[in-house]
Peer 1: 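What follows is a structure written as structure tokens; I'll ask about it next.
To find a chain, count down the sequence lines: A is the first, B the second, and so on, and within it residues start at 1. Here the structure is a predicted model, which is why all the values come from computation and not from measurement.
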Amino acid sequence: MSALLEVRDLFKTYGTGEAATRVLRGLSLGLEAGDMAALLGPSGSGKSTLLTILGTLMKPTSGSYVMLGQDMIAADDKALTDFRNAHIGFVFQFHNLLPDFTALENVIFPTAVREGRETPAARARGRDLLSRMGLADRIDFPSANLSGGQKQRVAVARALMNSPELVLADEPTGNLDRASAMQVMDLIDQINREEGTTFLISTHDEKIAAFCRRQIVVGDGIVTG
Amino acid sequence: MLYALKIATRYLTANKAQTALLVTGVAVGVFIFIFMSALIGGLAEFILSRTVGDISHITIEAETADPALLISPEGHVLVVAERGRARTATLAEAATWLPLIEAVPGVRAVSPQITGAGFLTRGAQVSQVSVTGVEPGRESAILDLAGYMVAGDVRVGSGLIVVGRDLADDLALSVGQTLRLQSSNGVTSTLTLSGIFKTGNGGMDGARAFVSLSTARTLFSMPQGVSRIEIKLDDLNAADATALRIRALTGLDAVPWTDGAEQLMEALNAQAQTGYFLKTFALITIVIGVASALLLSTYRRRPEIGIMRAMGAGRRFVIFVFVAQGALVGLMGGIMGATLGYLALLPFPSRDAFQPGTLPMDITQGSYGLAITLTVIGAILASILPARSAARVDPVTAIGQ
């Protein structure tokens, strides 16, 4: 396996002066291509902040972050947006679908926004991904009419749409019942094994963590295990 | 940017009631804009047609030459006793200029005239009149004489005369009667009254007489040329420019009707300014309405904007989504308002049939295209602030909401 990303001495402080809260305190971490890693740790340990920085949605106060050979700290907003679109997928705890769009339209959004239109190829891939998620009969459903588990599977399909090297999942099953959670994790595990997509999954759930071949424990702003 | 347009359209159609309300608000603004344009434009048209519609739009008058002073080589001024007769300035070359003037673009009619003063006599009754000699067949070229006839015919052939209603009443005239007209030159003609007109203008109805050009030549001892040329234009607002053109073409002193009509022009300008203010307020209302609605939409859709940004949508894409919404609202509201405005103006009489006592609305001056264009531009400008606000949404904060 080759190195996908590496962060070194990440510090992140929210606020200034006496109100300053230091969330990351010199965290260093590396992920290999094809990793299936669980990010564990108590609330407030910095898991979500780390995912946000790795997802290029936020810059650290200090430290270095290199992914696929590119310096993510020096890049400007436009470059980070394009990079994120091409190489990083997100699965959020509350699915975060666009409510006025169908399941298929949600899935193909990352490609359509890059291409400037919904291409037939994108539609075909979107349909294929939704079928793999067991949602072949929900392709043209308004996303607002889907169940929680279905929405989360649409979110996973969307995260995979542009075939990213890295998918960051923040409590992806935290809002699902046990059966739906296992269904989603089975899909993630399958994609990781078949396509080699790297997953970094933030979770409190030991059973979810058990799906992952690697556990990264974060405590007090650094990797502790 | 096709995809951004699709998202903008989806956002607008997702909440149909809210969008319909917004579009209706814009349409009302456009409706007011169009209504005011038609009213102000129609009113100006009405006032102009009532005040200068029946007068010459451009007039060329012969200049009276000063009598020559005979100066002796020794420097003494010699007194010259001129024969006692009225002098009438003449446009001797009128026949040469007429075809040229008629060919000037925008010129609707040209009327060569011989004018002068005289006394109309019937029996023992005498009345002073202003006499205008016009070419037979061109009696209504400038003043719509045919439209004002209340008795007889507008014809001013040889030996015929047409007078105003008040003058006819003063002299107890009726069509077909014979009367005598003595010019200021002392020439007398016996004429037959062929028609009586009533314009509503006291000065004209009480002291104006029309005769043929040949009769006027005899009366005023003018064997050739004319004393004035009156010109009617298709667009009376083009009088200044056309007068300049005629001056350049002929060298004659062509005077537009606007010379000496400063007060009327000031009043019309003030009226037009009022219209501009009202239309500007209507546009400002549209801009504020669109801006506030889109700002609200931006705030409501912050989580979605955050998701889009996380999925790789750039700031420009987000800006375009919201600007496109503004443009679409402006376009729909503009078209709807313009259509409503047009339909509302349909029942009003056309500009040629304005009646006293009714609103002089001119449907042709609704400025429909301008209203739609300005509304779209205004709506786009109104959407820039919400769009920039949307583009600045922090995806981390927005997704966490």
Peer 1: For R158(A), which atoms come within 4.5 Å of any heavy atom of chain B: side chain, backbone, both, or neither?
Peer 2: side chain
Peer 1: Can you name the nearest heavy-atom pair linking E105(A) to K6(B), along with the distance?
Peer 2: OE2-NZ, 2.9 Å
Peer 1: Answer yes or no: does atom OH of Y14(A) have more than 12 heavy-atom neighbours from other residues, nucleotides or ligands under 6.0 Å?
Peer 2: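 Correct, the count exceeds 12.
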Peer 1: Do you know which of G306(B), A310(B), A14(B) has the most heavy-atom pairs under 4.5 Å to chain A?
Peer 2: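 Looking at each of G306(B), A310(B), A14(B) in turn, A310(B) comes out on top.
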Peer 1: Can you tell me which portion of R316(B) sits under 4.5 Å from chain A's heavy atoms? Options are side chain, backbone, both or neither.
Peer 2: neither
Peer 1: Please name the pair of heavy atoms, one in D394(B) and one in L57(A), separated by the smallest distance, quoted to 0.1 Å.
Peer 2: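 Distance-wise, the nearest heavy atoms are OD1-O, 4.4 Å.
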Peer 1: Should we say atom CZ of R117(A) is surrounded by more than 12 heavy atoms from elsewhere, each under 6.0 Å from it?
Peer 2: no
Peer 1: Which value, rounded to the nearest 0.5 Å, describes the distance between T111(A) atom OG1 and Y3(B) atom OH?
Peer 2: 9.0 Å
Peer 1: Please flag which part of I88(A) lies under 4.5 Å from any non-hydrogen atom of chain B: side chain, backbone, both or neither.
Peer 2: neither
Peer 1: Looking at F92(A) and M311(B), what are the two nearest heavy atoms and their distance?
Peer 2: CE1-CE, 3.9 Å
Peer 1: Chain B heavy atoms under 4.5 Å from N162(A): which part of the residue, side chain, backbone, both or neither?
Peer 2: neither
Peer 1: Can you name the nearest heavy-atom pair linking G312(B) to T81(A), along with the distance?
Peer 2: O-CG2, 3.3 Å
Peer 1: Between I307(B) and chain A, which part of the residue has a heavy atom less than 4.5 Å away: side chain, backbone, both or neither?
Peer 2: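 For I307(B), the contact with chain A is made by the side chain alone.
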Peer 1: So which part of D82(A) gets closer than 4.5 Å to some heavy atom of chain B, the side chain, the backbone, both or neither?
Peer 2: neither
Peer 1: Drop me the distance from T13(B)'s OG1 to D100(A)'s CG, to the nearest 0.5 angstrom.
Peer 2: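 That separation rounds to 7.5 Å.
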Peer 1: Using heavy-atom distances under 4.5 Å, tell me whether F101(A) contacts chain B through its side chain, its backbone, both, or neither.
Peer 2: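 The answer is both parts of F101(A).
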Peer 1: Can you tell me if CZ on R315(B) sees more than 12 non-hydrogen neighbours from other groups inside 6.0 Å?
Peer 2: yes
Peer 1: Counting only heavy atoms not in R132(A) (residues, nucleotides, ligands), do more than 12 fall under 6.0 Å from its CZ?
Peer 2: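 Above 12, so yes.
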Peer 1: Answer with side chain, backbone, both or neither: which region of L5(B) has an atom nearer than 4.5 Å to a non-hydrogen atom of chain A?
Peer 2: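 For L5(B), neither part sits under 4.5 Å from chain A.
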Peer 1: Non-hydrogen atoms of chain B under 4.5 Å away: do they reach the side chain of E115(A), the backbone, both or neither?
Peer 2: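 Answer is neither: E115(A) stays 4.5 Å or more from chain B.
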Peer 1: Tell me whether the count of non-hydrogen atoms from other residues, nucleotides or ligands lying under 6.0 Å of CZ in R8(A) goes above 12.
Peer 2: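 Open: at most 12 neighbouring heavy atoms sit under 6.0 Å from CZ of R8(A).
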Peer 1: Could you tell me the separation between the CE atom of M308(B) and the CG atom of L98(A), rounded to the nearest 0.5 Å?
Peer 2: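 Those atoms lie 5.0 Å apart.
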Peer 1: So which part of F109(A) gets closer than 4.5 Å to some heavy atom of chain B, the side chain, the backbone, both or neither?
Peer 2: both
Peer 1: So does F348(B) have more than 12 non-hydrogen atoms from other groups sitting under 6.0 Å from CZ?
Peer 2: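 Counting neighbours around CZ of F348(B), more than 12 heavy atoms of other residues, nucleotides or ligands fall under 6.0 Å, so yes.
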